[in-house]
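Chain A is the first sequence line, chain B the second, and so forth, proteins listed ahead of strands; every chain is numbered from 1.
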Protein chains: 2
Amino acid sequence: MTVETVSRTDAGLASELRLSVMRLRRRLAVERHPDNPLSLSQMTVLGTLHRHGEMTLGDLATHERVQPPSMSRTVGCLEADGYLRRRPSESDGRVQLVSLTEAGRDTLLADRRRRDAWLAQRLADLDPEERAVLRAAAPLLDRLAALD
Amino acid sequence: MTVETVSRTDAGLASELRLSVMRLRRRLAVERHPDNPLSLSQMTVLGTLHRHGEMTLGDLATHERVQPPSMSRTVGCLEADGYLRRRPSESDGRVQLVSLTEAGRDTLLADRRRRDAWLAQRLADLDPEERAVLRAAAPLLDRLAALD
DNA sequence: TATTGTTATACTCTATAACTATA
DNA sequence: TATAGTTATAGAGTATAACAATA
(Lines give C-alpha, C1' and ligand atoms only; values in the text may rest on other atoms or scores of the structure.)
Protein backbone atom coordinates (compact mmCIF):
# COMPACT_ATOMS: atom_id res chain seq x y z
CA MET A 1 0.00 0.00 0.00
CA THR A 2 1.37 3.41 -0.90
CA VAL A 3 1.04 6.70 0.89
CA GLU A 4 -1.23 7.92 -1.87
CA THR A 5 -3.81 5.17 -1.52
CA VAL A 6 -3.92 4.99 2.24
CA SER A 7 -6.68 7.57 2.39
CA ARG A 8 -9.06 5.21 0.65
CA THR A 9 -8.83 2.66 3.45
CA ASP A 10 -10.57 2.72 6.79
CA ALA A 11 -7.19 2.77 8.52
CA GLY A 12 -6.20 5.94 6.71
CA LEU A 13 -9.53 7.69 7.14
CA ALA A 14 -8.74 8.69 10.72
CA SER A 15 -5.50 10.39 9.66
CA GLU A 16 -7.05 12.13 6.67
CA LEU A 17 -9.96 13.39 8.66
CA ARG A 18 -7.79 14.69 11.46
CA LEU A 19 -5.51 16.62 9.15
CA SER A 20 -8.48 18.10 7.30
CA VAL A 21 -10.28 19.10 10.46
CA MET A 22 -7.18 20.79 11.86
CA ARG A 23 -6.48 22.75 8.70
CA LEU A 24 -10.02 24.00 8.29
CA ARG A 25 -10.19 24.99 11.94
CA ARG A 26 -7.00 27.00 11.55
CA ARG A 27 -8.28 28.66 8.41
CA LEU A 28 -11.58 29.52 10.09
CA ALA A 29 -9.68 31.18 12.92
CA VAL A 30 -7.82 33.34 10.41
CA GLU A 31 -10.88 34.28 8.37
CA ARG A 32 -12.93 35.81 11.15
CA HIS A 33 -14.37 39.20 10.37
CA PRO A 34 -11.86 41.77 11.60
CA ASP A 35 -14.41 43.91 13.47
CA ASN A 36 -15.66 41.03 15.61
CA PRO A 37 -14.03 41.40 19.03
CA LEU A 38 -14.87 37.86 20.12
CA SER A 39 -12.69 34.81 19.60
CA LEU A 40 -13.67 31.60 17.90
CA SER A 41 -14.12 29.84 21.24
CA GLN A 42 -16.17 32.66 22.68
CA MET A 43 -18.48 32.67 19.66
CA THR A 44 -18.91 28.92 19.97
CA VAL A 45 -20.06 29.32 23.57
CA LEU A 46 -22.62 31.94 22.53
CA GLY A 47 -23.83 29.59 19.81
CA THR A 48 -24.25 26.72 22.24
CA LEU A 49 -26.17 28.89 24.70
CA HIS A 50 -28.40 30.13 21.89
CA ARG A 51 -29.13 26.58 20.86
CA HIS A 52 -29.62 25.05 24.31
CA GLY A 53 -30.85 27.97 26.40
CA GLU A 54 -29.72 28.41 30.01
CA MET A 55 -27.06 25.88 31.02
CA THR A 56 -24.82 25.23 34.00
CA LEU A 57 -21.18 26.11 33.64
CA GLY A 58 -20.25 22.46 34.01
CA ASP A 59 -22.62 21.34 31.28
CA LEU A 60 -21.24 24.04 29.04
CA ALA A 61 -17.70 22.80 29.66
CA THR A 62 -18.73 19.22 28.94
CA HIS A 63 -20.52 20.21 25.76
CA GLU A 64 -17.54 22.20 24.47
CA ARG A 65 -15.08 19.48 25.54
CA VAL A 66 -13.01 21.74 27.76
CA GLN A 67 -12.14 21.52 31.43
CA PRO A 68 -14.21 23.55 33.94
CA PRO A 69 -11.43 26.07 34.67
CA SER A 70 -11.15 26.88 30.98
CA MET A 71 -14.88 27.45 30.66
CA SER A 72 -14.89 29.44 33.89
CA ARG A 73 -12.43 31.83 32.34
CA THR A 74 -14.22 32.06 28.99
CA VAL A 75 -17.55 32.70 30.69
CA GLY A 76 -15.95 35.27 32.99
CA CYS A 77 -14.74 37.34 30.05
CA LEU A 78 -18.06 37.08 28.22
CA GLU A 79 -19.97 38.12 31.33
CA ALA A 80 -17.65 41.07 31.97
CA ASP A 81 -18.27 42.26 28.41
CA GLY A 82 -22.04 41.86 28.71
CA TYR A 83 -22.59 38.95 26.32
CA LEU A 84 -24.03 36.61 28.94
CA ARG A 85 -25.22 36.57 32.53
CA ARG A 86 -24.77 34.16 35.43
CA ARG A 87 -27.09 33.43 38.33
CA PRO A 88 -26.84 30.84 41.10
CA SER A 89 -29.29 27.96 41.01
CA GLU A 90 -32.09 28.23 43.58
CA SER A 91 -31.92 24.53 44.39
CA ASP A 92 -28.13 24.14 44.53
CA GLY A 93 -25.95 27.04 45.57
CA ARG A 94 -22.85 25.55 43.98
CA VAL A 95 -24.31 25.71 40.49
CA GLN A 96 -23.98 28.70 38.18
CA LEU A 97 -26.64 29.00 35.48
CA VAL A 98 -25.42 30.78 32.37
CA SER A 99 -27.57 32.37 29.68
CA LEU A 100 -27.24 34.79 26.75
CA THR A 101 -28.03 38.47 27.14
CA GLU A 102 -29.74 40.39 24.38
CA ALA A 103 -26.32 41.77 23.41
CA GLY A 104 -24.95 38.24 23.21
CA ARG A 105 -27.81 37.14 21.00
CA ASP A 106 -27.40 40.14 18.70
CA THR A 107 -23.66 39.56 18.45
CA LEU A 108 -24.18 35.90 17.68
CA LEU A 109 -26.68 36.54 14.92
CA ALA A 110 -24.59 39.31 13.38
CA ASP A 111 -21.52 37.10 13.46
CA ARG A 112 -23.43 34.21 11.96
CA ARG A 113 -24.37 36.38 9.00
CA ARG A 114 -20.76 37.48 8.53
CA ARG A 115 -19.29 34.02 8.91
CA ASP A 116 -21.78 32.74 6.42
CA ALA A 117 -20.57 35.34 3.98
CA TRP A 118 -17.11 33.78 4.03
CA LEU A 119 -17.77 30.08 4.44
CA ALA A 120 -20.95 30.09 2.38
CA GLN A 121 -18.98 31.65 -0.44
CA ARG A 122 -16.49 28.81 -0.22
CA LEU A 123 -19.39 26.37 -0.04
CA ALA A 124 -20.93 27.96 -3.12
CA ASP A 125 -17.87 26.84 -5.11
CA LEU A 126 -18.83 23.24 -4.38
CA ASP A 127 -21.43 21.21 -6.23
CA PRO A 128 -24.81 20.72 -4.57
CA GLU A 129 -23.84 17.07 -4.07
CA GLU A 130 -20.67 18.11 -2.30
CA ARG A 131 -22.60 20.44 -0.01
CA ALA A 132 -24.94 17.56 0.72
CA VAL A 133 -21.92 15.49 1.76
CA LEU A 134 -20.83 18.18 4.21
CA ARG A 135 -24.35 18.62 5.56
CA ALA A 136 -24.39 14.91 6.28
CA ALA A 137 -20.85 15.00 7.66
CA ALA A 138 -21.34 17.71 10.30
CA PRO A 139 -23.46 15.62 12.70
CA LEU A 140 -21.11 12.67 12.15
CA LEU A 141 -18.15 14.81 13.25
CA ASP A 142 -20.12 15.66 16.39
CA ARG A 143 -20.74 11.98 17.03
CA LEU A 144 -17.01 11.30 16.73
CA ALA A 145 -16.33 14.12 19.18
CA ALA A 146 -19.06 13.04 21.61
CA LEU A 147 -18.00 11.95 25.07
CA ASP A 148 -20.25 8.89 24.50
CA MET B 1 -37.41 29.36 10.60
CA THR B 2 -36.42 27.97 13.97
CA VAL B 3 -33.00 27.42 15.44
CA GLU B 4 -33.49 23.69 15.08
CA THR B 5 -34.09 23.72 11.33
CA VAL B 6 -31.39 26.19 10.38
CA SER B 7 -28.85 23.42 9.92
CA ARG B 8 -30.80 22.09 6.94
CA THR B 9 -30.35 25.27 4.98
CA ASP B 10 -27.31 26.39 3.06
CA ALA B 11 -27.09 29.48 5.27
CA GLY B 12 -26.88 27.33 8.40
CA LEU B 13 -24.43 24.82 6.99
CA ALA B 14 -21.47 27.12 7.55
CA SER B 15 -22.31 27.52 11.23
CA GLU B 16 -22.97 23.84 11.79
CA LEU B 17 -19.80 22.80 10.07
CA ARG B 18 -17.67 25.27 11.97
CA LEU B 19 -18.97 24.18 15.35
CA SER B 20 -18.50 20.53 14.47
CA VAL B 21 -14.97 21.03 13.18
CA MET B 22 -13.96 22.94 16.29
CA ARG B 23 -15.36 20.37 18.70
CA LEU B 24 -13.77 17.40 16.96
CA ARG B 25 -10.44 19.17 16.78
CA ARG B 26 -10.54 19.84 20.51
CA ARG B 27 -11.48 16.26 21.23
CA LEU B 28 -8.67 14.97 19.03
CA ALA B 29 -6.23 17.12 20.97
CA VAL B 30 -7.40 15.53 24.21
CA GLU B 31 -7.36 11.94 22.97
CA ARG B 32 -3.74 11.75 21.94
CA HIS B 33 -1.84 8.76 23.25
CA PRO B 34 -0.21 9.84 26.51
CA ASP B 35 3.26 8.51 25.68
CA ASN B 36 3.52 10.54 22.47
CA PRO B 37 5.76 13.51 23.24
CA LEU B 38 4.76 15.43 20.09
CA SER B 39 1.90 17.90 19.84
CA LEU B 40 -0.94 17.80 17.40
CA SER B 41 0.65 20.48 15.22
CA GLN B 42 4.00 18.76 15.24
CA MET B 43 2.47 15.47 14.18
CA THR B 44 0.63 17.23 11.37
CA VAL B 45 3.91 18.60 10.04
CA LEU B 46 5.47 15.13 10.06
CA GLY B 47 2.43 13.82 8.21
CA THR B 48 2.68 16.50 5.54
CA LEU B 49 6.40 15.83 5.04
CA HIS B 50 5.73 12.10 4.77
CA ARG B 51 3.09 12.72 2.14
CA HIS B 52 4.94 15.34 0.10
CA GLY B 53 8.59 14.52 0.65
CA GLU B 54 11.18 17.25 1.05
CA MET B 55 9.63 20.74 1.15
CA THR B 56 10.78 24.28 1.78
CA LEU B 57 9.89 25.83 5.09
CA GLY B 58 7.74 28.41 3.33
CA ASP B 59 5.76 25.79 1.41
CA LEU B 60 5.25 23.90 4.63
CA ALA B 61 3.87 27.04 6.28
CA THR B 62 1.56 27.69 3.35
CA HIS B 63 0.34 24.12 3.31
CA GLU B 64 -0.42 24.14 7.04
CA ARG B 65 -1.97 27.62 6.84
CA VAL B 66 0.37 29.17 9.39
CA GLN B 67 2.73 32.13 9.15
CA PRO B 68 6.43 31.48 8.46
CA PRO B 69 7.58 32.38 11.99
CA SER B 70 5.19 29.82 13.46
CA MET B 71 6.47 27.10 11.17
CA SER B 72 10.05 28.17 11.79
CA ARG B 73 9.55 27.49 15.47
CA THR B 74 7.73 24.21 14.99
CA VAL B 75 10.41 22.96 12.60
CA GLY B 76 13.16 24.13 14.96
CA CYS B 77 11.79 22.01 17.80
CA LEU B 78 11.30 18.97 15.58
CA GLU B 79 14.84 19.29 14.22
CA ALA B 80 16.34 19.66 17.72
CA ASP B 81 14.57 16.46 18.76
CA GLY B 82 15.74 14.59 15.66
CA TYR B 83 12.42 14.13 13.87
CA LEU B 84 13.44 16.06 10.76
CA ARG B 85 16.47 17.64 9.12
CA ARG B 86 17.06 20.92 7.31
CA ARG B 87 19.51 21.71 4.54
CA PRO B 88 20.01 24.86 2.49
CA SER B 89 19.00 24.72 -1.15
CA GLU B 90 21.97 24.53 -3.54
CA SER B 91 20.37 26.95 -5.96
CA ASP B 92 19.13 29.52 -3.44
CA GLY B 93 20.92 30.01 -0.15
CA ARG B 94 17.88 31.64 1.47
CA VAL B 95 15.79 28.51 1.16
CA GLN B 96 15.69 25.78 3.80
CA LEU B 97 14.67 22.32 2.58
CA VAL B 98 13.00 20.21 5.25
CA SER B 99 12.61 16.44 5.26
CA LEU B 100 11.75 13.61 7.66
CA THR B 101 14.44 11.62 9.39
CA GLU B 102 14.07 7.89 9.94
CA ALA B 103 13.09 8.67 13.53
CA GLY B 104 10.44 11.09 12.30
CA ARG B 105 9.02 8.50 9.93
CA ASP B 106 8.95 5.84 12.64
CA THR B 107 7.26 8.20 15.06
CA LEU B 108 4.70 9.18 12.47
CA LEU B 109 3.81 5.62 11.59
CA ALA B 110 3.63 4.55 15.23
CA ASP B 111 1.43 7.52 16.03
CA ARG B 112 -0.79 6.81 13.07
CA ARG B 113 -1.40 3.31 14.39
CA ARG B 114 -2.20 4.66 17.83
CA ARG B 115 -4.45 7.44 16.58
CA ASP B 116 -6.26 4.98 14.41
CA ALA B 117 -6.92 2.88 17.47
CA TRP B 118 -8.93 5.73 18.95
CA LEU B 119 -10.55 7.38 15.96
CA ALA B 120 -11.02 4.17 14.00
CA GLN B 121 -12.85 2.77 16.99
CA ARG B 122 -15.16 5.76 16.92
CA LEU B 123 -15.48 5.35 13.16
CA ALA B 124 -16.34 1.68 13.65
CA ASP B 125 -19.46 2.75 15.51
CA LEU B 126 -20.71 4.40 12.34
CA ASP B 127 -22.41 2.66 9.43
CA PRO B 128 -20.35 1.97 6.31
CA GLU B 129 -22.45 4.63 4.56
CA GLU B 130 -21.56 7.15 7.26
CA ARG B 131 -17.86 6.37 6.93
CA ALA B 132 -18.24 6.85 3.19
CA VAL B 133 -19.70 10.30 3.88
CA LEU B 134 -16.65 11.23 5.97
CA ARG B 135 -14.25 9.81 3.42
CA ALA B 136 -15.88 12.05 0.83
CA ALA B 137 -15.98 14.99 3.25
CA ALA B 138 -12.27 15.10 4.16
CA PRO B 139 -11.04 16.42 0.79
CA LEU B 140 -13.95 18.87 0.72
CA LEU B 141 -12.86 20.28 4.07
CA ASP B 142 -9.40 20.74 2.59
CA ARG B 143 -10.88 22.58 -0.37
CA LEU B 144 -12.73 24.90 2.00
CA ALA B 145 -9.49 25.52 3.87
CA ALA B 146 -7.46 26.02 0.70
CA LEU B 147 -5.88 29.40 0.13
CA ASP B 148 -7.48 29.30 -3.36
C1' DT C 1 -17.02 13.13 51.76
C1' DA C 2 -18.35 14.38 47.10
C1' DT C 3 -19.44 17.92 43.82
C1' DT C 4 -19.33 22.58 41.49
C1' DG C 5 -16.89 26.11 40.35
C1' DT C 6 -12.68 29.46 40.89
C1' DT C 7 -7.84 30.93 41.38
C1' DA C 8 -3.01 30.33 40.44
C1' DT C 9 0.20 28.96 37.33
C1' DA C 10 2.30 27.23 33.20
C1' DC C 11 2.57 25.48 28.49
C1' DT C 12 1.42 25.28 23.43
C1' DC C 13 0.24 27.51 19.34
C1' DT C 14 -0.07 31.33 16.78
C1' DA C 15 0.51 36.14 15.33
C1' DT C 16 2.94 40.71 14.05
C1' DA C 17 7.08 43.51 13.83
C1' DA C 18 11.76 43.93 13.19
C1' DC C 19 15.86 41.84 11.57
C1' DT C 20 19.49 38.99 8.70
C1' DA C 21 21.05 36.84 4.70
C1' DT C 22 20.64 36.02 -0.03
C1' DA C 23 18.94 37.02 -4.76
C1' DT D 1 14.76 46.20 -3.76
C1' DA D 2 12.50 41.82 -3.02
C1' DT D 3 12.33 37.32 -0.90
C1' DA D 4 13.12 33.39 2.64
C1' DG D 5 13.62 32.63 6.98
C1' DT D 6 14.65 33.90 12.08
C1' DT D 7 14.31 36.35 16.47
C1' DA D 8 11.69 38.94 19.82
C1' DT D 9 7.57 39.62 21.88
C1' DA D 10 2.72 39.17 22.95
C1' DG D 11 -1.89 37.18 23.21
C1' DA D 12 -5.36 33.44 23.14
C1' DG D 13 -6.69 29.03 24.69
C1' DT D 14 -6.12 25.29 27.35
C1' DA D 15 -4.45 22.25 31.16
C1' DT D 16 -3.43 20.62 36.05
C1' DA D 17 -3.24 21.51 41.00
C1' DA D 18 -4.94 23.60 44.91
C1' DC D 19 -8.70 25.87 46.97
C1' DA D 20 -13.61 27.48 48.52
C1' DA D 21 -18.35 26.81 48.98
C1' DT D 22 -22.16 23.87 49.10
C1' DA D 23 -24.56 19.34 49.26
Next on the checklist: Can you work out whether B:Asp92 or B:Val66 has the more 5'-proximal nearest nucleotide on DNA chain C?
Outcome noted: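 In this pair, the answer is B:Val66.
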
Integer-rounded Å distance: [N] [atom2] and [X] [atom1]:
X: B:Arg27; N: D:dT14; atom1: CZ; atom2: C1'; answer: 16 Å
X: B:Arg26; N: D:dT14; atom1: CZ; atom2: C1'; answer: 9 Å
X: A:Gln96; N: C:dT6; atom1: CD; atom2: P; answer: 5 Å
X: B:Met22; N: D:dG13; atom1: CE; atom2: C1'; answer: 10 Å
X: B:Arg25; N: C:dT14; atom1: CZ; atom2: P; answer: 7 Å
X: B:Glu90; N: C:dA23; atom1: CD; atom2: P; answer: 12 Å
X: A:Leu78; N: C:dT6; atom1: CG; atom2: P; answer: 13 Å
X: A:Leu40; N: D:dG11; atom1: CG; atom2: C1'; answer: 15 Å

Verify, without hydrogens or angle tests, whether [X] (side chain) and [Y] (backbone) share a donor-acceptor contact under 3.5 angstrom.
X: A:Arg26; Y: B:Glu64; result: yes
X: A:Arg25; Y: B:Arg25; result: no
X: B:Arg131; Y: B:Leu123; result: yes

Item to check | Contact under 4.0 Å: B:Arg86 side-chain N or O vs D:dT6 OP1/OP2 | outcome: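 For D:dT6, OP1/OP2 do have a side-chain N/O of B:Arg86 under 4.0 Å.
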
Checklist entry - Does B:Ser41 place a side-chain N or O at less than 4.0 Å from the phosphate oxygens OP1/OP2 of C:dT14? => result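 For C:dT14, OP1 or OP2 has a side-chain N or O of B:Ser41 closer than 4.0 Å.
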
Of all the choices, [options], which nucleotide is nearest to the side chain of [X] once you look at every atom?
X: B:Ser70; options: C:dA15, D:dA15, D:dA21; result: C:dA15
X: B:Arg94; options: C:dG5, D:dA21, D:dT3; result: D:dT3
X: B:Ser72; options: D:dT7, D:dT22, C:dT7; result: D:dT7
X: A:Pro69; options: D:dT14, D:dG5, C:dT6; result: C:dT6

Checklist entry - Salt bridge or not for B:Arg85 and B:Glu79, using N-O below 4.0 Å? => result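 Salt bridge: no.
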
Next on the checklist: Rounded to the nearest 0.5 Å, what separates atom CG in B:Leu78 from atom OG in B:Ser41?
Outcome noted: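 Going from CG on B:Leu78 over to OG on B:Ser41, the span is 10.0 Å.
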
Checklist entry - When all nucleic acid strands are considered with a 4.0 Å heavy-atom cut-off, which category describes B:Thr74: base, sugar-phosphate, or nothing? => result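 Answer is nothing: B:Thr74 stays at 4.0 Å or more from every strand.
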
Next on the checklist: If you go through the side-chain atoms of A:Arg73, does one of them form a donor-acceptor pair with the base of D:dT14 closer than 3.5 Å?
Outcome noted: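 Such a pair is found, so the answer is yes.
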
